[in-house]
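Working notes, beginning with the structure itself.
Just so you know, these numbers use all the heavy atoms, side chains as well, and skip hydrogens, waters and symmetry mates.
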Amino acid sequence: MTDQHLTHAGEPLAELALRLRAAETGDWTEDGARALIEGLGRRWDEVVVQASADDAGTRAAKAGDLRLRPVGPAEERYVEKETYLELVASLTATAPPADPVVPTDPASEPDPVRQAEMFRTAKDELADALGEPSALGSYGSTGPYDAPTPAWGAPFLRWRGRRDTLELRAGSRGPELVLAPTAPAENWLWSLGHGEEHAISGYFGSRPGPANAGLSLPGRWAVRSWETLTDALAAFFTTLPAEFAALGIARVIPVYGRVGGSAPILFDIDADRRLMLASYAERDIDPASFGWGTVAEHPMSRDTWQDDHDPRWRFDAGGPGEPRGRALAEMVVATARAEGVASPHDLLIGGEGEDIRPYAVRFYGLGLATV
């Protein structure tokens, strides 16, 4: 972790967060938004009003950017009287590394390691100032109100309030601090629980407590084909180590499979610093033919599974930005089918993998049920 702090237009992140938490938003009407901006000591003509929802993810955020996202035709069903959906403040690091790894070409993708470090720094500063977040997770490929998300990952943290919520979010060029009315964003998320494949991507974790009183979460969708599962796993594996590093969480996620009248554990997924996969395949198939290796070939897997013989089959997919998600997904799916799993419906996430205390996490984007 680099020795750095995050600021917005020269203001320390924690100070800005405290001011936003205390700000009057005036129900997010036009007058309320103007009063909010003035209360923050900024001029209305300094604020960028996004032209469209897609503008949130495609324009390169500049240092000191302050953006208002208006309600558009597609968002009207989620609001009551709000004119704006959120106020976004882009963040910059006060102490970049001596040998910067952030690309200077605005069209190039941000470096996942650097982005995860910056996000984790922001998380730690905000937790010190505000306490632990009420929710955390990843938007996956679909951000708020269907906006695009960064390719390296889309982690978020939330400090939920009854009327307004403060969020730390991965932006197009770095972390962003977002103040938004609580109800519209939750109405949007709830609307995604219609059950169609890929209806919700990413994952969502909430912790018990008064901050989450009244929080309703949408239902999950169910994977219907091996092709859909491969797509879902590919997206999940590609960003998982960067997102877990950014969020500061770690958990081994077991995957069980219904085979021959029972449901033994088939795989482990671990993303503590690096993405590690393990297969508990029986000896009557050849996991090596699908790409699995042994502990001798993936020695860092001992950090997760100390017993060299159980699980026998391992794969070290690397740290942030390194996993080849599609290849990993194809390896896991091929192994499951070779072991006799008849349908993707027969793969199940172990409930212990969703217990990332104090958060209960739902891995929506995988389309798998929990056992």
For Y203 and F363, I'd like to know if the aromatic rings sit close, meaning centre-to-centre distance below 6.0 Å.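 Distance test on ring centres: under 6.0 Å, yes.
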Hey, do the aromatic rings of F204 and Y364 have their centres closer than 6.0 Å?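 Not close enough - the centres of the two rings lie 6.0 Å or further apart.
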Check [Y] with [X], please: is the shortest side-chain N to carboxylate O separation under 4.0 Å?
X    : Y    : result
R274 : D272 : no
R220 : E354 : yes
R326 : D231 : yes

Hey, is the main chain of [Y] close enough, under 3.5 Å, to the side chain of [X] for a donor-acceptor pair?
X    : Y    : result
E46  : R43  : yes
E75  : P73  : no
S134 : R160 : yes
Y280 : D268 : no
T149 : G143 : no
N212 : L215 : no
R158 : S206 : no
E243 : A154 : yes
R314 : P311 : yes
E186 : A183 : no

Linking I/L/V/M/F/W/Y whenever their side-chain heavy atoms sit closer than 4.5 Å, directly or via other members, would V49 and L40 fall into one cluster?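 Yes: a chain of side-chain contacts under 4.5 Å links V49 to L40.
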Atom pair CZ (R163) and OG1 (T25), whose distance is rounded to the nearest 0.5 Å: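 R163 atom CZ to T25 atom OG1 measures 5.5 Å (nearest 0.5 Å).
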Any chance you could measure I249, atom CD1, to R120, atom CZ, to the nearest 0.5 Å?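 Going from CD1 on I249 over to CZ on R120, the span is 10.0 Å.
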Aromatic plane relationship, F156 with Y139 - under 30° parallel, 30 to 60° tilted, over 60° perpendicular: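 Ring orientation of Y139 relative to F156: tilted.
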Anything under 30° is parallel, anything over 60° is perpendicular, the rest tilted; go ahead and classify W221 against H198.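 The arrangement is tilted - the two ring planes meet at 30° to 60°.
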Could you check if a side-chain atom of L6 sits within less than 4.5 angstrom of a side-chain atom of M118, using non-hydrogen atoms only?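 Answer yes - side chains close enough.
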Check whether NZ of the Lys or CZ of the Arg R258 lies under 6.0 Å from the centre of the six-membered ring of Y256 and within 45 degrees of that ring's axis.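 No, cation not above the ring by the 6.0 Å, 45° rule.
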What residue among L177, T7, T92, L18 forms side chain to side chain contact (heavy atoms under 4.5 Å, CB included) with L13?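 That would be L177; it is the only one of L177, T7, T92, L18 passing the side chain to side chain contact (heavy atoms under 4.5 Å, CB included) with L13.
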Member of V361, L136, I253, L247 meeting the side chain to side chain contact (heavy atoms under 4.5 Å, CB included) criterion with I356: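 Answer to the side chain to side chain contact (heavy atoms under 4.5 Å, CB included) test with I356 among V361, L136, I253, L247: V361.
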Quick one: closest heavy-atom pair of A329 and L233, and the distance?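 Nearest pair, atom of A329 first, then L233: CB-CB, 3.6 Å.
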Exactly one of D308, D307, D316 should register a salt bridge (charged side-chain N to carboxylate O under 4.0 Å, His left out) with R302. Which one does?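 Among D308, D307, D316, the one meeting salt bridge (charged side-chain N to carboxylate O under 4.0 Å, His left out) with R302 is D308.
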